[in-house]
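Note sheet for the following structure.
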Amino acid sequence: MNPSKSPAEILDIAGSEVRISNPDKVVFPEPGLTKLDLVNYYLAVAEGALRGAGGRPMVLKRFPKGIDAEPFFQKRVPENHPDFIDTATLHYSSGTSAEETVIRDAAGLAWVVNLGCLDLNPHPVRAEDLDHPDELRVDLDPMPGVDWSRIVDTAYVAQDVLDDVGLVGWPKTSGSRGLHILVRIAPQWSYRDVRLAAETLAREVENRAPGLATAKWWKEERGESVFVDFNQNAKDRTVASAYSVRSRPDARVSTPLTWNEVRSARPEQFTVHSVPERFSDLGDPHAGIDDEAGSLDGLLSLAAKLGPAEKAPRSGDGSGRRMSTMPLIEVARTKTRPEAEAALDEWKARYADVVSLLHPADVLVDGMRGSSSLWYRVRVNLQHIPEDRRPPQEKLIADYDPWAGKEWPGRPAS
């Protein structure tokens with residue numbers, strides 16, 4: 001046995017045995033949280049966590065090397081899964097399929113944590129009906145330079161829109177910088193309809209709060225605003241569900257709120273240490289969410305009134321690629337965020353004379369989903385730099401290819 005590993009611990013959870021390997025492994029160094037601490041956290045909030053993720057196929061986002069290393073995404077359920085883990089086979093738009101994990105009880109929560117999962121990433125469908133989402137997800141994603149009060153203001157505008165179309169929104173912190181609003185809906189509409197409804201909601205929020213909120217899909221066009229991310233409702237997308245632990249140094253938790261709390265709450269209040277006591281004292285603010293399934297008729301009717309969303313112009317070279325309206329340059333593509341930040345620092349050092357003219361939202365460091373993990377793209381929007389002083393597009397400082405060696409229909413291995 002590796003002397004650095006602590007002996008496995010067997011937990012009896014409501015009659016199911018769950019083996020926790022290396023229970024003393026420190027996962028969050030700053031608060032000193034071990035793998036067993038995370039298991040115990042999820043057991044303490046199991047009722048709420050299962051309300052968000054239970055009975056839904058989920059992507060396993062695994063951090064086998066801790067929070068300081070990139071996670072990998074596992075769609076397929078591990079081969080030797082226990083009997084208390086269900087599965088559901090999802091068919092993806094790429095033409096592939098995967099038998100995914102479905103948890104239904106506290107033992108399932110403990111089992112996925114033992115695999116190295118921190119947050120829970122369920123699809124917006126139940127395992128019994130994979131074609132009709134029962135949840136519309138509103139992700140309020142602030143651009144750099146946007147403070148918490150503006151996210152809150154956007155949330156209340158979204159609440160007004162939902163109320164006007166007969167839907168009930170349930171807010172929660174994202175566990176990062178933003179807010180999520182969950183909307184239960186009757187499982188009667190396709191993914192396409194749900195995404196259209198979400199996009200319509202985003203457009204209406206932007207219409208009511210121009211400058212504060214944006215529905216612009218392309219990041220460089222958003223400015224310093226709150227993006228109402230409707231594309232989280234596209235098929236194949238998942239979102240960290242309620243009570244998920246996020247990979248922030250302070251072990252922050254995506255925490256359900258009441259609407260009365262949204263104005264005063266701050267994301268950093270809710271951590272693995274604080275949330276179990278809150279849950280014990282107050283219960284789950286989302287306890288009634290499953291009783292409020294609504295109709296998309298109002299949003300789809302509004303979609304017809306608004307007409308099609310504006311589309312970006314396409315390149316004239318025959319490639320069909322979207323053509324940005326902004327003066328963008330690409331700096332780097334990297335495997336990890338630290339490498340991306342190092343490349344950005346190198347670029348800034350080259351062009352120190354104009355860096356001070358950039359606005360916070362002009363620097364775009366994006367986590368991009370690869371085949372099984374994230375990779376990072378670094379771009380700079382030169383819109384605030386006079387044209388005669390703009391740095392040129394140059395050879396990328398780093399040029400990582402996340403698909404090197406991968407094969408799928410229509411793409412030969414490189």
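- Between Asp139 and Arg237 there is no salt bridge, since none of the side-chain N atoms of the basic residue sits less than 4.0 Å from a carboxylate O of the acidic one.
- Note on Asp236 versus Lys75: no salt bridge recorded, every NZ/NE/NH1/NH2 to OD/OE distance being 4.0 Å or above.
- Using a cut-off of 4.0 Å between Lys/Arg side-chain N and Asp/Glu carboxylate O, Arg248 and Asp250 are scored as not salt-bridged.
- For Lys25, the NZ atom is densely surrounded, since the number of other residues' heavy atoms within 6.0 Å is greater than 12.
- The existence of a salt bridge linking Arg203 and Glu199 is excluded, since no basic side-chain nitrogen approaches an acidic carboxylate oxygen closer than 4.0 Å.
- Contact of the Asp119 side chain with the Phe63 side chain is registered, since non-hydrogen atoms from C-beta on lie closer than 4.5 Å.
- Using a 4.5 Å heavy-atom threshold, the side chains of Arg389 and Leu357 count as touching.
- Side-chain atoms of Tyr243 and Asp284 include a donor-acceptor pair closer than 3.5 Å.
- By the 4.5 Å heavy-atom criterion applied to side chains, Tyr156 and Trp259 are counted as neighbours.
- A distance of 6.5 Å separates OG1 of Thr96 from CZ of Arg76, quoted to the nearest 0.5 Å.
- Ion pairing between Arg150 and Glu224 fails under the 4.0 Å rule for side-chain N and carboxylate O.
- No side-chain heavy atom of Val378 sits under 4.5 Å from any side-chain heavy atom of Trp347.
- Sorted by first and then second residue, the pairs that involve residues 36-48 and meet side chain to side chain donor-acceptor pair (under 3.5 Å), not counting sequence neighbours, are Thr34-Asp37, Glu47-Arg51.
- Under 3.5 Å, the side chains of Thr336 and Glu70 contain no donor-acceptor pair of N or O atoms.
- For the pair Pro285 and Arg278, the minimum side-chain heavy-atom distance is below 4.5 Å.
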### Query
side chain to side chain contact (heavy atoms under 4.5 Å, CB included) between Leu358 and Ile385: does it pass, once the steps are laid out?
CA-CA 7 Å; Leu358 297 173; Ile385 296 177; 3.7 Å; yes
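- For the side chain to side chain donor-acceptor pair (under 3.5 Å) test with Asp134, the passing option among Gln188, Arg56, Arg184 is Arg56; the others fail.
- Contact annotation: the side chain of Asn233 approaches that of Leu136 to within less than 4.5 Å [non-hydrogen atoms, C-beta and beyond].
- The closest side-chain donor-acceptor pair between Gln74 and Arg62 falls under 3.5 angstrom.
- When only modelled atom types and interatomic distance are considered, Thr258 and Asn260 share no side-chain donor-acceptor pair under 3.5 Å.
- Side-chain contact annotation: Thr325 with Glu221, donor-acceptor N/O pair under 3.5 Å present.
- The 12-atom threshold is exceeded at CD of Glu128, counting heavy atoms of other residues, nucleotides or ligands nearer than 6.0 Å.
- Checked by atom type, the side-chain pair Asn114/Ser21 shows a donor-acceptor distance below 3.5 Å.
- Between Arg263 and Asp153 there is a salt bridge, since a side-chain N of the basic residue sits under 4.0 Å from a carboxylate O of the acidic one.
- Taking the side chain as every heavy atom from C-beta outward, Arg195 and Phe230 approach each other to under 4.5 Å.
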